[in-house]
Amino acid sequence: MLWILGGFVVLMIGVTAMCGLGGYFLMRKAKQAGLDSGLLSSNPAYAAAKLAATMNPDVETVSSDDGSGTITVRDKKTGKTTTLKFDPDKKTMVVTDENGKQATVKVNTDSDKGAIEVQSSDGAVKFGATGSNQLPGWVPVYPGSSPQGTFSSQNKDGNQSTYAFKTKDAPAKVMSYYQEQLKAGGFTINMTTNTPEGGMVMAEDGGKTRTLMLTVSGSSDGTDVSLTSMDKK
């Protein structure tokens with residue numbers, strides 16, 4: 001799944017970089033990829049993938065079907081093929097490698113829950129403001145804060161999630177609060193790092209099934225806090 005996701009991220013970076021190219025060169029490449037204004041309007045993600053494949057010297061297009069929004073590409077260095085199928089209505093992309101292994105990428109464009117979700121037989125990963133990603137009950141909530149989930153993953157080994165929030169309190173106060181709360185909850189502080197701008201705290205419960213990593217960074221408008229929780233099965 002990581003290989004598939006990595007390819008998707010590289011593709012998106014390529015499309016983003018492509019937007020900075022000159023108009024004439026961009027249109028010439030678009031014509032070479034067989035793109036037209038109708039395709040760009042009806043299935044923009046598929047159109048962008050076709051264009052990115054045309055412009056990437058390390059990738060060659062094996063086949064493409066505008067009607068179904070499907071394109072198969074080959075990595076010239078490894079010889080591996082990947083098929084991408086785009087559904088503009090469902091805002092999904094199904095990626096299939098040469099061994100038949102699949103991952104589904106879904107884009108949520110809601111303003112308050114914008115996220116990218118990747119699901120495969122190995123598990124699931126979410127990036128972005130995932131409103132459904134709730135802070136585990138065993139993780140202390142800092143007074144006056146509302147941690148928002150930004151990343152989560154689930155697989156056979158357990159769950160991992162990252163949450164972020166901002167506070168006006170000093171970094172030292174935030175770190176002290178979490179160390180006290182975690183110790184009171186039976187956790188052992190395995191590592192504490194202090195810097196002029198903030199620091200990091202890592203703690204683990206007695207059964208070594210739960211781990212929390214706290215990263216604190218001060219700025220001119222407050223303190224940014226990141227919480228990464230890990231639950232082992």
- prompt: Under the criterion side-chain hydrogen bond (donor to acceptor under 3.5 Å, both in side chains), which of T211, T215, T162 is the partner of T228?
  reply: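 The residue from T211, T215, T162 that satisfies side-chain hydrogen bond (donor to acceptor under 3.5 Å, both in side chains) with T228 turns out to be T162.
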- request: Take L227 and V139, measure what side-chain contact (heavy atoms from CB on, under 4.5 Å) needs, and give me the verdict at the end.
  value: CA-CA 9 Å; L227 300 165; V139 178; 4.2 Å; yes
When you measure from the side chain of [X] to the backbone N and O of [Y], does any donor-acceptor pair fall under 3.5 Å?
X    : Y    : answer
Q160 : G158 : no
D75  : K77  : yes
D87  : K91  : no

Separation between [atom1] of [X] and [atom2] of [Y], rounded to the nearest 0.5 Å:
X    : Y    : atom1 : atom2 : answer
N190 : L212 : CG    : CG    : 11.0 Å
L135 : S229 : CG    : OG    : 6.5 Å
D157 : K232 : CG    : NZ    : 9.5 Å
T104 : K85  : OG1   : NZ    : 11.5 Å
K101 : T82  : NZ    : OG1   : 12.5 Å

Quick one: do [X] and [Y] end up in the same hydrophobic cluster if we chain Ile, Leu, Val, Met, Phe, Trp and Tyr together by side-chain heavy atoms under 4.5 Å apart?
X    : Y    : value
F86  : V62  : no
M202 : W138 : no
F187 : V141 : yes
I189 : M213 : no

statement: Residue pairs passing the salt bridge (Lys or Arg N to Asp or Glu O under 4.0 Å) test with at least one member in residues 187-205, sequence neighbours excluded, are none
How about [X] and [Y]: do any of their side-chain heavy atoms sit closer than 4.5 Å?
X    : Y    : result
V95  : Q102 : no
P140 : L182 : yes
T209 : D231 : no
T61  : T72  : no
M191 : M200 : yes
P136 : Y163 : yes

query: Are D58 and K76 within salt-bridge range, i.e. N to O under 4.0 Å?
result: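 Salt bridge flag = no for K76 with D58.
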- prompt: Ion pair present between E98 and K80, side-chain N to carboxylate O less than 4.0 angstrom?
  reply: no
Expected list for residues 165-176: side-chain donor-acceptor pairs under 3.5 angstrom, two or more places apart:
| residue | atom | partner | partner atom | Å |
| --- | --- | --- | --- | --- |
| K166 | NZ | D221 | OD1 | 3.4 |
| K166 | NZ | D224 | OD1 | 2.6 |
| K166 | NZ | D224 | OD2 | 3.3 |
| T167 | OG1 | D169 | N | 3.2 |
| K168 | NZ | D221 | O | 3.1 |
| D169 | OD2 | Y142 | OH | 2.6 |
| S176 | OG | E180 | OE2 | 3.4 |

task: Start with the C-alpha distance between Q179 and V201, add both sets of side-chain angles, then the distance that settles side-chain contact (heavy atoms from CB on, under 4.5 Å), and finish with yes or no.
output: CA-CA 8 Å; Q179 290 183 75; V201 174; 4.1 Å; yes
query: For L84, which of V105, V73, T96 qualifies under side-chain contact (heavy atoms from CB on, under 4.5 Å)?
result: V73
